[in-house]
Amino acid sequence: MPCFLLTFYLLTSRKISPPTMSQVRVRFAPSPTGFFHIGSARTALFNWLYARHTGGVFVLRIEDTDQARNSEEFLNVIYDSLTWLGMNWDEGPKVGGSYGPYRQSERAPIYKDYLQKLLDAGRAYEKDGAIWFKLLGERSEVYDDHRKKTVTKVANAPAVIDDQIRGRVERLEDEDFVIFRSDGNPVFHFVNVVDDIAMKITHVIRGEDHLSNTSKHVELFKAFGVQPPVFAHIPLILKQNGPGKMSKRDQGALIEEYQKRGYLPEALVNFLSLLGWSPKDDREKMLLADIISLFNFPGINQSNARFDDKKLAHMNMAYLLELPADDFVARARAYFEKQGTPVAAAALAADPAYFREVMLISQPKIKAIEELPAYTAYFFTEDFSTDAKVRDKIMGKGEPKARLAELTEMLATADFSSDTAIEEAIKALATAKGLGFGDYQSVARLAVSGTNVGPSLTGLFRVLGRERTLARLAKLAA
RNA sequence: GUCCCCAUCGUCUAGCCCGGUUAGGACACCACCCUUUCACGGUGGGCACCGGGGUUCGAAUCCCCGUGGGGACGCCA
């Protein structure tokens with residue numbers, strides 16, 4: 001096929017991967033004006049996945065041209081969140097690269113150069129102290145009653161956007177727009193395009209909210225005489241309740257919140273990958289390596305997705321259940337270390353081997369790391385609270401004190417070396433008394449834990465040990 | 001208001017491109033089973049093609065119009 005035909009084919013066919021002659025270069029370009037949220041993380045993830053899928057380069061670029069709204073704190077949140085989620089960047093702040101600097105606040109000379117090109121070509125002019133991009137075409141004054149002012153319209157041909165997800169989109173850009181503010185700083189549309197050119201970005205993967213901006217960008221690329229990159233506008237994430245897209249103010253929107261709550265980053269990544277993308281079969285819980293190898297543009301769908309924290313919680317639980325023992329204990333310990341509560345302090349002060357046992361009998365029972373401190377509190381203090389409702393119910397039925405006495409007598413000499421040994425002993429006692437395991441369980445559980453839910457009773461006894469178990473039984477019997 | 005995008009269970013989605021399925025999976029929900037509490041797990045259940053027109057022997061699938069949802073319209077990004 002002749003080269004121009006191939007190019008034509010690639011540009012006009014929907015959802016077809018671009019030429020692989022040169023290496024894919026994608027970028028994630030957050031602006032540090034607020035906390036890092038779910039939507040940004042998903043955009044970053046799709047870029048990262050595409051780079052890893054194609055063996056390309058993932059660039060991190062900081063869009064901090066709006067000095068009034070930027071902060072170093074937010075910048076660090078971005079670095080931390082990306083790192084926590086495992087999205088390492090190949091070029092960008094901290095790691096460098098051949099197209100730096102990677103913070104727009106440090107690229108002023110580059111923007112001046114590109115502005116000069118536009119000025120020289122007669123495609124930019126000054127008005128009201130700002131510099132405007134000049135569209136080509138006949139001009140006319142029109143009153144815009146939405147904006148309540150007269151605007152200058154330019155008779156222009158629609159910009160054509162060949163989008164990997166949307167297909168061919170046409171949008172008319174018919175008004176000049178500001179590219180340099182009167183304070184001398186360039187605006188988003190300008191720096192975005194200039195940097196994509198200067199950094200040789202091949203694919204722009206971003207939220208659909210930018211689709212309407214893309215006509216501006218296409219006009220700028222044309223003015224610079226550069227072929228625009230391949231665009232892929234991904235669907236937005238809608239807030240869980242109520243109308244509109246998710247924003248940083250919405251419940252559950254912030255990445256650092258999940259980090260603090262002890263969510264597993266691999267679970268969050270898996271969940272996020274499924275918001276707007278699917279491997280097209282029934283797989284949901286997937287190895288990262290599989291997500292990378294399966295990820296592509298045709299798998300991305302076109303409609304917005306609503307965030308569902310229940311599904312995320314379920315994914316997190318599924319990962320938690322499979323975590324190797326050492327890993328689970330380490331993450332549990334890290335979570336306790338961040339708490340700073342008396343219960344957490346007591347847990348951390350306990351013998352590490354004991355802490356480990358407590359965590360491991362709890363692992364199959366909990367849905368999230370954040371449940372652990374409350375779930376295991378009675379292991380680390382004798383001053384644990386008792387659920388009054390549960391106590392009244394259990395103590396008010398049958399002969400709980402008799403069961404307690406029988407258990408106490410038997411446990412004094414029982415084998416505490418394994419769960420099965422304890423189980424056999426309790427079963428033997430129950431059989432001897434003509435009762436069942438259940439007759440002993442509820443009251444014993446109440447005595448040692450103050451509640452009616454928790455790990456297996458035998459595990460409880462074994463981990464607590466004979467002395468503490470007997471002491472707690474005695475306390476309730478008193 | 002103008003422009004752009006989108007439309008399958010409550011939610012995430014498969015199926016759509018290239019018309020023929022009992023419209024599949026997962027979360028959530030309900031029931032039952034397992035069980036030593038709580039979970040996990042297992043089995044089963046209820047639950048969807050937005051509406052209307054076309055095209056066709058046949059439409060979730062193709063076309064048009066409605067309607068609904070989302071986005072953009074800044075010297076924010």
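Order of the sequence lines fixes the chain letters, A, B, ..., with proteins taken first and strands second; residue numbering starts at 1 for each chain. None of the values given here were measured: they were computed from a predicted structure.
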Sugar-phosphate or base contact per nucleotide [nucleotides 38-47 of chain B; S, B, -; heavy atom under 4.0 Å]: BBS-------
Just say parallel, tilted or perpendicular for the rings of [X] and [Y], cut-offs at 30° and 60°.
X	Y	result
A:F461	A:F416	parallel
A:Y263	A:Y258	perpendicular
A:F221	A:F231	perpendicular
A:F224	A:Y114	perpendicular

Please classify the nucleic acid contact of [X] as base, sugar-phosphate, or nothing, using heavy-atom distances under 4.0 Å.
X	value
A:A305	sugar-phosphate
A:S442	nothing
A:R445	base
A:D128	base
A:N213	base
A:G436	nothing

Distance-only donor-acceptor test, A:K280 side-chain atoms vs B:rA14 base atoms, 3.5 Å: no
Exercise: do [X] and [Y] side chains pair donor with acceptor under 3.5 Å:
X	Y	answer
A:N213	A:H210	yes
A:R42	A:N47	no
A:E173	A:S215	yes

Between [N] and [M], how many Å separate the two [atom1] atoms, rounded to a whole number?
N	M	atom1	result
B:rC29	B:rC40	P	10 Å
B:rC76	B:rC18	P	46 Å
B:rG74	B:rU55	C1'	46 Å
B:rC4	B:rU8	C1'	24 Å
B:rC49	B:rG24	P	13 Å

A:K216 and A:E219 ion-paired at < 4.0 Å: no
A:D144/A:K148 salt bridge by N-O under 4.0 Å criterion: no
Selection from B:rA26, B:rA77, B:rC6 that lies nearest to any side-chain heavy atom of A:R166: B:rC6
Pairwise side-chain contact, A:L118 with A:K134, heavy-atom cut-off 4.5 Å (strictly under): no
Give me the distances for all protein-to-nucleotides 1-4 of chain B N/O pairs that come in under 3.5 Å?
from  : atom 1 : to     : atom 2 : distance (Å)
B:rG1 : N1     : A:H146 : NE2    : 3.3

Protein-nucleotide distance (A:N241, atom CG; B:rG10, atom P), rounded to Å: 16 Å
Residue-phosphate contact under 4.0 Å: A:Q302 side-chain N/O, B:rC5 OP1/OP2: no
Those residues of residues 389-407 of chain A lying under 4.0 Å from RNA chain B by at least one heavy atom: none
